[in-house]
Amino acid sequence: EARKIHLGIVGHPGRFAGQTGQRSTIRHNFVGWHQGQAFPRILANLRPIPMVALKTGGAITPLAIAQGRGDSFLFQLNSALAEFGDLAYVRPLPEMNGHWNDYCAFNRDGSSRGPRNSTAAYRKAFARIAVIARGGPARQVNGKLRRLGLPAIGETDLPTTHARIVWNPQGYGAPDIPGNSAKAYYPGGAYVDVVANESPLTITLMQA
């Protein structure tokens with residue numbers, strides 16, 4: 001069965017269409033951990049199909065996310081996705097095995113950034129983001145978090161969304177050491193809808 005291919009772009013879609021004659025349907029942008037209140041506007045501006053990449057900018061570590069200390073931001077994401085009401089891609093903490101990202105587990109020289117930024121902490125953080133972004137009754141959300149060994153969100157139900165969760169490593173680690181391989185950061189199929197294969201100029205989305 002043939003699958004429809006969606007062209008996506010970071011930048012100005014009108015200018016891209018004028019230069020190439022191609023129409024993009026996925027519009028991609030980066031969202032910092034301080035921009036939670038802007039989610040509704042960001043999603044609306046990225047129609048018809050938004051893709052938001054979540055970046056921490058050093059404001060929070062993977063371990064803190066996993067422990068629930070970034071939940072206010074994630075609740076804002078969930079609420080905005082539910083209000084948007086249509087398909088949207090969420091790309092949490094991308095290129096995580098690149099040392100230029102503060103949530104990478106390793107420095108450029110291969111030294112560890114410690115337990116707050118470990119690959120184990122990243123996997124838990126990613127899973128928490130996925131669970132909350134998708135939403136659902138508090139009982140179900142808390143059950144999923146409990147199975148991960150993570151704190152509950154409380155007793156308030158979250159609206160269910162049409163979010164598709166994108167896991168997007170670099171093709172090889174930088175630094176290129178075994179502990180910084182892509183697979184070291186993989187959170188598990190239950191928390192990934194789409195695997196992205198990245199090159200310097202393109203991101204290819206593949207169903208997980």
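The OH atom of Tyr89 lies 11.0 Å from the CD1 atom of Ile165; values are rounded to the nearest 0.5 Å. For the atom pair Leu74 CG and Leu54 CG, the distance stands at 7.5 Å (nearest 0.5 Å). With rounding to the nearest 0.5 angstrom, the CD1 atom of Ile49 is 11.5 Å from the CZ atom of Arg164. The distance from the CG atom of Asp102 to the CD1 atom of Ile60 is 11.0 Å, given to the nearest 0.5 Å. Annotation: the span from Tyr191 atom OH to Phe126 atom CZ amounts to 11.5 Å, rounded to 0.5 Å.
Residues forming a salt bridge (charged side-chain N to carboxylate O under 4.0 Å, His left out) with Arg108 (at least two apart in sequence, or on another chain): none. Residues passing the side chain to side chain donor-acceptor pair (under 3.5 Å) test with Ser111, sequence neighbours excluded: Asn107, Asp109. For Gln67, the side chain to side chain donor-acceptor pair (under 3.5 Å) test picks out Arg69, with sequence neighbours left out. Remark: Arg41 engages no residue in a side chain to side chain donor-acceptor pair (under 3.5 Å) (not counting sequence neighbours).
When side chains are defined from C-beta on, Trp100 counts as touching Glu95, because their heavy atoms get closer than 4.5 Å. Side-chain contact between Leu77 and Val31: absent, with no pair of heavy atoms (C-beta onward) separated by less than 4.5 Å.
Scanning all heavy atoms of the two residues, the minimum distance from His99 to Arg113 falls at O-NH2, 2.7 Å. Shown here for Phe84 and Pro48, the closest heavy-atom pair between the two residues is CZ-O, 4.0 Å. Closest non-hydrogen pair, Leu46 versus Met51, comes out as CD1-O, 3.9 Å.
Pairs passing the ring-ring contact (aromatic ring centres under 6.0 Å, His included) check and including a residue from residues 32-78, sequence neighbours excluded, read Trp33-Phe73, Phe39-Phe73. Sorted by first and then second residue, the salt bridge (charged side-chain N to carboxylate O under 4.0 Å, His left out) pairs involving residues 43-52 (not counting sequence neighbours) are Arg47-Asp86.
Cluster annotation: Ile42 is connected to Val90 through the hydrophobic network of ILVMFWY side chains, with a link wherever side-chain heavy atoms come within less than 4.5 Å.
No donor-acceptor pair closer than 3.5 Å links the side chain of Arg123 to the backbone N or O of Gly188.
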Show the atom names and distances, to 0.1 Å, of all donor-acceptor pairs under 3.5 Å that link a side chain in residues 171-185 to residues at least two apart or in another chain.
from   : atom 1 : to     : atom 2 : distance (Å)
Asn180 : OD1    : Tyr185 : OH     : 2.5
Asn180 : ND2    : Asn97  : O      : 2.8
Asn180 : ND2    : Pro175 : O      : 3.0
Ser181 : OG     : Pro178 : O      : 3.2
Tyr185 : OH     : Ala105 : N      : 3.1

Per-pair distances, 0.1 Å, donor-acceptor, side chain in residues 114-122, under 3.5 Å, sequence neighbours excluded:
from   : atom 1 : to     : atom 2 : distance (Å)
Ser118 : OG     : Pro115 : O      : 3.3
Ser118 : OG     : Ala121 : N      : 3.0
Tyr122 : OH     : Leu93  : O      : 3.0

Considering only distance and modelled atom types, tabulate donor-acceptor pairs under 3.5 Å from the side chains of residues 128-151, sequence neighbours left out.
from   : atom 1 : to     : atom 2 : distance (Å)
Arg128 : NE     : Asp71  : OD1    : 2.9
Arg128 : NH1    : Ala66  : O      : 3.3
Arg128 : NH1    : Pro151 : O      : 2.9
Arg128 : NH2    : Asp71  : OD2    : 2.8
Arg128 : NH2    : Pro151 : O      : 3.0
Arg134 : NH1    : Ala190 : O      : 2.7
Arg134 : NH2    : Asp193 : OD1    : 3.2
Arg134 : NH2    : Asp193 : OD2    : 3.2
Asn142 : OD1    : Ile153 : N      : 2.8
Asn142 : ND2    : Ala138 : O      : 3.2
Asn142 : ND2    : Gly154 : O      : 2.8

What verdict does the side-chain contact (heavy atoms from CB on, under 4.5 Å) test give for Lys55 and Tyr103, after you've listed the backbone C-alpha separation in whole Å, the side-chain angles of each residue and the deciding distance to 0.1 Å? CA-CA 9 Å; Lys55 303 275 281 186; Tyr103 42 82; 3.5 Å; yes
